[in-house]
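Notes for the one structure printed next.
Chain A is the first sequence line, chain B the second, and so forth, proteins listed ahead of strands; every chain is numbered from 1.
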There are 2 protein chains.
Amino acid sequence: MHNYQDAQLLDQSPDEPWQAPSARRRLSSHPLYLQVRNVIAQRITSGEWKPRMTIPSESELAREFNVSVGTMRKALDVAVSDRLLTRRQGRGTFVNDHSSTEHAARYSNIRNPEDSHVRGEVTIVSIIETSVNETEVIRLRMRPKERVHRIRRVWASQGKPYMLEDLAMPARLFPGLVSPEDASLHIAPLAQKVGLLLGRHDERISIDKAAPDIADVLKTDTGTPLLRLDRIVYSLQDVPVEWRLAQCLLEDRYYFAQYR
Amino acid sequence: MHNYQDAQLLDQSPDEPWQAPSARRRLSSHPLYLQVRNVIAQRITSGEWKPRMTIPSESELAREFNVSVGTMRKALDVAVSDRLLTRRQGRGTFVNDHSSTEHAARYSNIRNPEDSHVRGEVTIVSIIETSVNETEVIRLRMRPKERVHRIRRVWASQGKPYMLEDLAMPARLFPGLVSPEDASLHIAPLAQKVGLLLGRHDERISIDKAAPDIADVLKTDTGTPLLRLDRIVYSLQDVPVEWRLAQCLLEDRYYFAQYR
DNA sequence: TAGTGGTCTAGACCACAGA
DNA sequence: CTGTGGTCTAGACCACTAA
């Protein structure tokens, strides 16, 4: 009775609407529910569905996409686990807002002694767009001569600086990133602004002794032990999006990691 | 046609077999698939299903539990995400072995420069069973005067010590934990040995300066910066199972955290 | 009371692995 | 070829929310 849905979803141009296939063939290597999830992701990326918006009910979407409610639900469940959507029984399904504190908090792991997130004020030291260096080519999987944004900024809490960050982001992914306002954002809201969906990230943690210039910025002594945070954030499609090297003067703060 | 399955699963004694209910009522606050998942967990805990074993097919289990295949599948999916089971298309569903390197690796985050896990040799410094102190009461959610196992051990790589661990575990959860062999295990295989299923864990990371006695054990200088790892591991039912305070001489190693 | 997401059922076919 | 898990369908009822 049923063959699988074809791949028109994945292959069609981003501007064309969903084409309900009449003959169901599995031309794509992806199962139907993943194809549908990809359309959901695209609608968010393109801005058709905006943060905080209520999207149509699962039965409406199932009708629109010409799939069963069960398949639609599975696609929505995947989108939820990808942090694209939030569902609330009796209310509806909502597009997540990654500029909200709860979603941005995901990328800041420094905590106060009482377990609260450190809420710092940021100061931009420098922003430049330039060609990649060797390390960036490797870490961000870029080609030689490609362009990157490099941002250096300092975080302070109650007027006292505690963290220096060096960011590198492929310029291709962040067109028009120039303003200090943009450069002050966390990666989550910044990515949302340019229609990028974020996936996994990993972090290598070690201890550095403060170099003279860094000690100067952090108003501490040369040689003070700093927590070194070497982090790469990837997109939902597993493309490196940001490389961050941070050096953090902990004092009574700590880095919090949670595993499920 | 169908009302919900009742809670006989959750409420029946561990020794009784699954009772297929004839009248389906939702006496439990848990949906059916979670009740079924709990029976799966119990079968593993009790040793009825042993590590690496192939369990019956989903259709067989659905018949046994008197639930639909869809519900059985959902229960199995939850068990997979809880790391109880692994499923392989065409082969079957297997009970995870938490004494295997892949599962034990989940709890060791120290990596070599080439990203490989540090494989150290462990030495037991001391094992005692005693009454809880104030910190343990809080961290392990215990009552005053309850008993804990305290283990101090040192990890070395190529003969050079790099990490000192102080462990505290509720004695109630680890009856008969006395031998140095048991005390040398990672938490995952140790928990499996006593039929405990592990869930989330969290870790607070900061920097300590080596105290004289610790510097002595780690064969370094007093005041050397050490990575301090303050970790609590919880059971699947969210009961604290182990509190670990580790101090780690990193040198060219680092702590690796991955987020999905 | 209407509409949403959450749970459950019954049964089909697809994809993969091993005998 | 047989049996396993993986995907998909169609439709029912439950639980929650807000008008």
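- Dashed line: the shortest gap from a side-chain N or O of A/Y33 to OP1 or OP2 of D/dC8 is not under 4.0 Å.
- Both tests do not hold together for A/R204 against B/Y255: distance to the six-membered ring centre under 6.0 Å, angle to the ring axis within 45°.
- Residues of residues 77-85 of chain B having a heavy atom closer than 4.0 Å to DNA chain C: none are found.
- Along DNA chain D, the nucleotide nearest A/G90 and the nucleotide nearest B/R73 are compared for position; the residue whose nucleotide lies closer to the 5' end is B/R73.
- Remark: A/R200 is positioned above the aromatic ring of A/Y234, its terminal NZ or CZ atom under 6.0 angstrom from the ring centre and at most 45 degrees off the axis.
- Of the candidate nucleotides C/dT9, D/dG6, C/dG18, D/dG6 has the atom lying nearest to any side-chain atom of B/E58.
- The side chain of B/L32 approaches C/dT9 more closely than any other nucleotide in the set D/dG5, C/dG18, C/dT9.
- Here the nucleotide nearest the side chain of B/Q89, chosen from D/dT9, C/dT9, D/dG6, is D/dG6.
- Which of C/dC8, D/dC16, D/dG5 sits closest to the side chain of B/S68 comes down to C/dC8.
- Note that A/R111 lies outside the cation-pi zone of A/Y254, set by a 6.0 Å cut-off to the ring centre and a 45° limit from the axis.
- With sequence neighbours excluded, no residue forms a ring-ring contact (aromatic ring centres under 6.0 Å, His included) with A/H149.
- At a threshold of 4.0 Å, the pair A/R231-A/D202 does not count as salt-bridged, since none of the basic side-chain nitrogens sits closer than that to a carboxylate oxygen.
- When the side-chain nitrogen and oxygen atoms of B/K74 are compared with OP1 and OP2 of C/dT7, one or more of them lie within a distance under 4.0 Å.
- A/E102 pairs by the salt bridge (Lys or Arg N to Asp or Glu O under 4.0 Å) definition with nothing, not counting sequence neighbours.
- For C/dG6, the OP1/OP2 oxygens have a side-chain nitrogen or oxygen of A/R87 closer than 4.0 Å.
- Contact annotation for B/T93: backbone-only contact, meaning every heavy-atom pair under 4.0 Å involves sugar-phosphate atoms and none involves a base.
- In the set C/dC8, D/dT9, D/dT4, D/dT4 carries the atom at the smallest distance from any side-chain atom of B/E60.
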